Protein chains: 2
Amino acid sequence: MEKQTITIYDVAREANVSMATVSRVVNGNPNVKPATRKKVLEVIERLDYRPNAVARGLASKKTTTVGVIIPDVTNMFFSSLARGIDDVATMYKYNIILANSDENNQKEVSVLSTLLAKQVDGLIFMGHELTDSIRAEFSRSKTPVVLAGSIDPDEQVGSVNIDYVAAVEEATHQLLESGNKRVALATGSLTHPINGQFRLKGYKQALEKASVAYDESLIFENEPSYQAGLALFGKLQKVGATAVIAGDDELAVGILDGALDKGVKVPDDFEIITSNNTKLTEMTRPQLTSIDQPLYDIGAVAMRLLTKMMNKEEIEEKTVMLGFDILKRGSTK
Amino acid sequence: MEKQTITIYDVAREANVSMATVSRVVNGNPNVKPATRKKVLEVIERLDYRPNAVARGLASKKTTTVGVIIPDVTNMFFSSLARGIDDVATMYKYNIILANSDENNQKEVSVLSTLLAKQVDGLIFMGHELTDSIRAEFSRSKTPVVLAGSIDPDEQVGSVNIDYVAAVEEATHQLLESGNKRVALATGSLTHPINGQFRLKGYKQALEKASVAYDESLIFENEPSYQAGLALFGKLQKVGATAVIAGDDELAVGILDGALDKGVKVPDDFEIITSNNTKLTEMTRPQLTSIDQPLYDIGAVAMRLLTKMMNKEEIEEKTVMLGFDILKRGSTK
DNA sequence: AAAATTCAGTAAAACGCTTGCATTGCCTTT
DNA sequence: AAAGGCAATGCAAGCGTTTTACTGAATTTT
């Protein structure tokens with residue numbers, strides 16, 4: 001018994017109506033007499049008909065699918081965003097094609113290209129840098145794009161973020177306030193605007209307000225990994241830092257463990273504020289004080305924004321900035 | 001200047017060949033004279049032509065897209081599998097539609113249905129239970145399916161796992177060996193075969209070999225969350241357990257922190273072995289001894305298996321079992 | 001009661017591509 | 001030199017929908 005794909009045509013024949021009518025009932029078009037609708041629905045049920053989304057996509061030029069480019073699903077920061085994205089997508093009947101990029105420009109471009117070939121209705125991009133080649137791909141198509149947890153200094157496309165300048169300024173301020181003379185800043189590459197422009201700016205502003213001189217040797221560029229953090233602590237000690245602001249939670253946990261492993265007391269002898277408030281921050285002892293970014297919400301809002309764009313609705317502001325907090329826990333005094 | 005979608009037809013016209021020929025060069029069909037190929041390629045380049053994958057999918061009945069159903073991307077266990085899946089998928093030119101199910105049967109069924117409507121070429125399913133309704137959806141279509149890190153006791157579909165019985169037996173054995181009289185088992189719901197059938201079986205086997213009586217009060221069903229673990233530790237103390245095997249790493253971290261918070265020494269007064277060896281296990285102090293499942297590989301192998309199925313290649317064994325280890329760290333003596 | 005309007009439904013043309021089959025040259029064979 | 005074979009290409013029929021334009025019938029308006 002070969003399984004025969006059954007089409008809209010079969011349904012039409014069985015129900016004694018035209019394909020168009022079947023299409024209307026499937027799509028909830030009101031121009032169908034209730035009796036007809038019922039009849040068609042019965043046939044659909046009986047035949048176990050399931051509309052072919054590919055054919056639909058070709059005819060309607062809509063795939064109800066959005067592409068999501070993520071550096072690494074395995075990183076809690078991004079997976080939290082992704083979860084928010086998916087939930088809202090589902091809510092609006094979209095599906096998500098998820099692609100890992102490792103922040104590798106070549107992969108990003110190539111994956112972007114195949115997503116566009118697949119005719120996604122929209123794109124959500126995560127990653128710390130928006131290179132020119134990516135930007136070029138974006139503008140090459142008219143597919144709407146939203147950045148989630150990522151910054152476009154030029155504000156060409158939509159984006160959802162928190163105010164990184166203010167957040168880091170506040171965190172630095174707190175660390176300075178509690179008596180630290182040498183507060184280090186450990187982020188990813190400074191070539192990424194979020195680090196080199198925003199976080200660094202907030203950091204400097206706080207120093208300035210406290211009349212503390214800026215010392216470049218307190219700035220560290222790292223991979224956002226536990227191992228990197230572990231190794232970093234030694235360097236922090238070497239430059240005489242007594243506190244650090246970490247741009248990534250895994251990194252922060254690494255720093256914490258690095259300190260603990262050397263018998264350094266946190267927060268008594270060393271303070272840490274991290275940036276993403278992922279689950280990790282609660283799991284350590286002491287727990288990590290963190291900038292509280294609403295990760296899930298950033299993803300959710302980004303996707304919501306994208307739905308509006310795909311719908312060609314009026315957008316009041318395509319760069320949205322969500323609020324943040326500093327969540328005090330055990331890694332600061 | 002409206003952006004006009006440019007089609008294979010435009011390329012054909014500009015290159016003075018038929019659509020068929022263009023299609024052939026795009027698809028790498030060898031039956032094209034090098035000179036013609038070159039000419040077509042040039043036009044493609046000049047016109048910036050990008051084949052429409054939806055149309056392709058309709059015509060060829062292949063979408064080069066696979067559906068991935070995951071309980072929650074935010075859970076490291078699953079995101080690690082997902083990463084393996086995506087990498088191999090990319091390697092074989094597939095994309096992944098990722099959908100979170102929360103292990104909720106209704107969501108699973110509904111998402112499965114929309115994935116099939118989207119004509120995915122294959123499916124990877126993660127989740128601890130394969131309900132009848134899901135199984136029914138599976139067999140309703142002829143789309144190949146592989147379970148990753150999940151068990152189908154009936155072996156109807158492909159699956160990639162480790163030998164959970166042996167793993168838990170070994171873990172239990174070690175805990176018994178080091179002098180624990182009362183070893184607890186903390187997993188998710190026992191209605192899930194992986195827990196109720198496999199892990200429990202391994203646990204019992206170890207007890208039996210050590211001539212220790214089985215005591216039901218040492219078995220705990222929990223959510224795989226940090227909070228649940230935190231709360232669980234009290235209960236473990238109450239029943240006099242001095243060691244536990246946790247089915248989930250977040251749960252294990254919770255238990256560990258629960259112990260630490262009460263001043264109980266790990267591993268001296270309480271031992272813990274967890275199950276998934278995610279990054280988390282390295283981040284705690286002490287670090288967690290764990291069953292070492294090759295998470296990434298499970299995903300990768302599952303996807304590889306799926307590619308074979310989609311290719312209709314001969315499959316030697318559709319239930320594959322990967323090796324495991326017990327990685328000794330600080331949470332056991 | 002004729003005209004205008006709305007409602008239900010039909011037919012058929014896209015949508016952009018793949019692919020089986022047919023065709024055309026151009027070489028080899030004999 | 002006729003016949004056969006093969007490589008390269010073209011033709012056109014799908015693939016399963018949506019959607020536009022249209023038609024009749026039913027209903028309302030005047």
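Here is the naming used below: chain letters follow the sequence lines, and residue numbers restart at 1 for every chain. In this text, all values refer to a predicted model and were calculated from it rather than measured experimentally.
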Enquirer: Can you give me every donor-acceptor pair (side chain of residues 106-114 of chain B, partner residue at least two apart or in another chain, under 3.5 Å) with its distance?
Expert:
| from | atom 1 | to | atom 2 | distance (Å) |
| --- | --- | --- | --- | --- |
| B:Lys107 | NZ | B:Asp102 | OD2 | 2.7 |
| B:Thr114 | OG1 | A:Asn95 | OD1 | 3.4 |

Enquirer: Using atom types as modelled and distance alone, determine if a side-chain donor or acceptor of A:Asn75 lies under 3.5 Å from a backbone N or O of A:Phe77.
Expert: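 Present.
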Enquirer: What heavy-atom pair brings A:Val54 and B:Lys118 nearest, and what distance separates the two atoms?
Expert: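 Answer, listing the atom of A:Val54 first, then B:Lys118: CG2-O, 3.7 Å.
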Enquirer: Answer yes or no: is there a donor N or O on one side and an acceptor on the other, between the side chain of B:Ser60 and the main chain of B:Arg56, under 3.5 Å?
Expert: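 Flag set: sc B:Ser60 to bb B:Arg56 pair under 3.5 Å.
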Enquirer: Indicate yes or no: does A:Asp86 engage A:Arg83 in a salt bridge with an N to O separation below 4.0 Å.
Expert: no
Enquirer: Mind listing the residues from residues 15-36 of chain B sitting with a heavy atom below 4.0 Å of DNA chain D? Number order is fine.
Expert: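 Close to the strand are B:Asn16, B:Val17, B:Ser18, B:Ala20, B:Thr21, B:Arg24, B:Asn31, B:Val32, B:Lys33, B:Thr36.
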Enquirer: Answer yes or no: is there a donor N or O on one side and an acceptor on the other, between the side chain of A:Asp121 and the main chain of A:Val66, under 3.5 Å?
Expert: no
Enquirer: Which ones in residues 41-57 of chain B lie close to DNA chain D, meaning a heavy atom under 4.0 Å from one of its atoms?
Expert: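 None - not one residue of the stretch has a heavy atom sitting under 4.0 Å from the strand.
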Enquirer: Just by modelled atom types, is the B:Leu295 backbone N or O under 3.5 Å from a matching donor or acceptor in the B:Gln293 side chain?
Expert: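 Checking the backbone N and O of B:Leu295 against the side chain of B:Gln293, no donor-acceptor pair under 3.5 Å is found.
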Enquirer: For a 4.0 angstrom threshold against heavy atoms of chain B, report the outermost contacting nucleotides of DNA chain D in 5' to 3' order.
Expert: D:dA8 to D:dG16
Enquirer: Any donor-acceptor pair under 3.5 Å linking the side chain of B:Asn29 with the backbone of B:Asn31?
Expert: yes
Enquirer: Are the side chain of A:Asp87 and the backbone of A:Gly84 linked by a donor-acceptor contact shorter than 3.5 Å?
Expert: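 No, because the side chain of A:Asp87 does not come within donor-acceptor range (under 3.5 Å) of the backbone of A:Gly84.
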Enquirer: Where the side chain of B:Thr63 meets the backbone of B:Gly57, is there a donor-acceptor pair that is under 3.5 Å apart?
Expert: no
Enquirer: Is A:Lys38 reaching over with its side chain to a backbone N or O of A:Lys33, donor-acceptor style, under 3.5 angstrom?
Expert: no
Enquirer: Is the side chain of A:Lys39 donor-acceptor paired with the backbone N or O of A:Asn16 at a distance under 3.5 Å, no angle test?
Expert: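 Not confirmed, A:Lys39 side chain does not pair with A:Asn16 backbone.
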Enquirer: Is a side-chain donor-acceptor pair under 3.5 Å present for B:Thr131 with B:Asn105?
Expert: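 Yes.
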Enquirer: What is the distance, rounded to the nearest whole Å, between atom NZ of A:Lys118 and atom C1' of C:dG16?
Expert: 16 Å
Enquirer: May I ask you to list the residues of residues 59-67 of chain B, by number, that have any heavy atom positioned under 4.0 Å from an atom of DNA chain D?
Expert: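 Within residues 59-67 of chain B, the residues near DNA chain D are B:Ala59, B:Lys61.
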Enquirer: Is there a donor in the side chain of B:Asn27 and an acceptor in the side chain of B:Ser23, or the other way round, less than 3.5 Å apart?
Expert: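 Side chains of B:Asn27 and B:Ser23: pair found under 3.5 Å.
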Enquirer: Is there a donor-acceptor pair under 3.5 Å between the side chain of B:Glu103 and the backbone N or O of B:His128?
Expert: yes
Enquirer: How long is the line joining CZ of A:Arg13 and C1' of C:dT10, in whole Å?
Expert: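 After rounding, the gap between these two atoms is 17 Å.
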Enquirer: What is the bend of the helix from C:dA1-D:dT30 to C:dT30-D:dA1 when you compare the axis at one end with the axis at the other, using five pairs each and rounding to 10°?
Expert: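 That helix gives 40° between its end axes.
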